[in-house]
Amino acid sequence: MSLVRIALRMLAVKALKDRTVAEGNVLDSEIGILGEDEEGLRIKPQKGRFIAVYTDDAEAKPDEQRAFHENGLVNLCLEYGVTDAMQEEVDDPDRPGRKMKVIFPTIPHASRMHDFYLDILGRQIRSGLSDGKNEAAEVLRGLIRRVVKVTCERAGSDRTGERVAAQKLTFTVDALQDPQFLQDVPEGAPFSRFLALLAAGDADDQKLGALILDQIPVSPEDLEEARERIGLTLTELGSLGFEYVPDADEDSEISNVTIDVAGGQPVEVGA
């Protein structure tokens, strides 16, 4: 699994929590909240307002050097819906002593208001992810080279008398590659700021941050670092005159190397 994809999901949740009409019910990787069956669209298991964030299919095109850390295009998906079951009763400000049904305190309950609620929430999601004063949103955008495409799909049904409406907002983004070594995560870089957000979070955030750090090795010896960055095998690196020397240590010196040249005689070169 890509570390940057994890970061995109977690940052989207942090950026949107308590900043939309869905309030604090922003869920990470709750795939399947919206589903279809023979009766139509359904929302499960949530009955309240929600935003479900997950990453869908991605496509990476590593270069000829066999680099495996590219993330390429990633679909950052957000699902949200509304049903009649979400309605609640509040005091009617225009008729003292009487109640009125709403799907949100400022949105009266009516069939036509389902789409109004969804479009308002969709607008708030876009604004929340664009907020320059929101650290999580800032870091999320820093992990994205560009937004390639935005799609919004709507679905709705009327099953057993309960109306359901939902939208799926998908941002297809060109995500940065995963860091290969800790030295790729300098202070102030987007991924470093993401780790800082986790370190400053609750106990679960801190545990996840530590687990993510465990997946990023410190910078290895120069030869191995160069080999991994350009995707060569040890055999290929050796054919270029760079290889491990048995029993060598940091004080060892190599006086010369021999390079095999295709179609010619081996050439000995001083180090």
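FYI, side chains are in, hydrogens and waters are out, and symmetry mates aren't considered; it's all heavy atoms of this structure.
One N or O on the side chain of R141 and one on the backbone of L129 form a donor-acceptor pair closer than 3.5 Å. Side chain of Q124 to backbone of V21: a donor-acceptor contact under 3.5 angstrom is found. Distance alone, capped at 3.5 Å, places no donor-acceptor pair between the E138 side chain and the K133 backbone.
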Query raised in the report: Could you go step by step and tell me if L197 and M10 meet the side-chain contact (heavy atoms from CB on, under 4.5 Å) rule?
Result: CA-CA 10 Å; L197 279 173; M10 296 184 70; over 6 Å; no
Requested in this report: Decide side-chain contact (heavy atoms from CB on, under 4.5 Å) for V4 and Q177; before the verdict, give the C-alpha distance in whole Å, the side-chain angles of both, and the deciding distance to 0.1 Å.
Outcome: CA-CA 7 Å; V4 168; Q177 70 173 29; over 6 Å; no
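Heavy-atom minimum distance, K168 versus C77: CE-SG, 4.0 Å. Closest heavy-atom contact between P186 and Q183: CD-O, 4.1 Å. Contact record, V26 with V13: O-CG1, 3.7 Å, taken as the closest heavy-atom pair. For Y54 against S29, the heavy-atom pair with the smallest separation is CB-CA, 4.0 Å. The two residues V53 and A12 come nearest to each other via the heavy atoms CG1-CB, 3.9 Å. Across G128 and A137, no two heavy atoms sit closer than the pair O-CB, 3.4 Å.
Here the CG-CD1 distance, from D178 to I216, works out to 7.5 Å after rounding to the nearest 0.5 Å. Considering CG of D119 and SG of C152, their distance stands at 7.0 Å, rounded to 0.5 Å. The OG1 atom of T20 sits 10.0 Å away from atom CG of L78, with the distance rounded to the nearest 0.5 Å. Atom CG of L213 is separated from atom CG of L182 by 6.5 Å, given to the nearest 0.5 angstrom. For the atom pair OH (Y80) and CG (N25), the distance works out to 15.5 Å, reported to the nearest 0.5 Å. The CD atom of Q215 sits 12.0 Å away from the OG atom of S2 when rounded to the nearest 0.5 Å.
Among L169, L121, L27, the single residue meeting the side chain to side chain contact (heavy atoms under 4.5 Å, CB included) criterion with I51 is L121. The one candidate from T172, T151, D56 that meets the side chain to side chain donor-acceptor pair (under 3.5 Å) condition with N75 is T172. Tested against V173 for a side chain to side chain contact (heavy atoms under 4.5 Å, CB included), the candidates T55, V74, V150 yield a single pass: V74.
Within the 4.5 Å cutoff, the side chain of F116 has no heavy atoms near those of the V82 side chain. Residues L176 and F191 form no side-chain contact, since every pair of their non-hydrogen atoms from C-beta on lies 4.5 Å or further apart. Counting heavy atoms from C-beta outward, K14 and L198 have side chains that approach closer than 4.5 Å. Two residues are said to be in side-chain contact when any heavy atoms from C-beta on lie closer than 4.5 Å; L140 and N134 fail this criterion.
Between the side chains of D115 and Q167, no donor-acceptor pair is found at a separation under 3.5 Å.
By the rule that hydrophobic residues join a cluster once side-chain heavy atoms approach within less than 4.5 Å of another member, V218 and L211 end up as members of separate clusters.
In R145, the CZ atom is crowded: over 12 heavy atoms of neighbouring residues, nucleotides or ligands sit closer than 6.0 Å.
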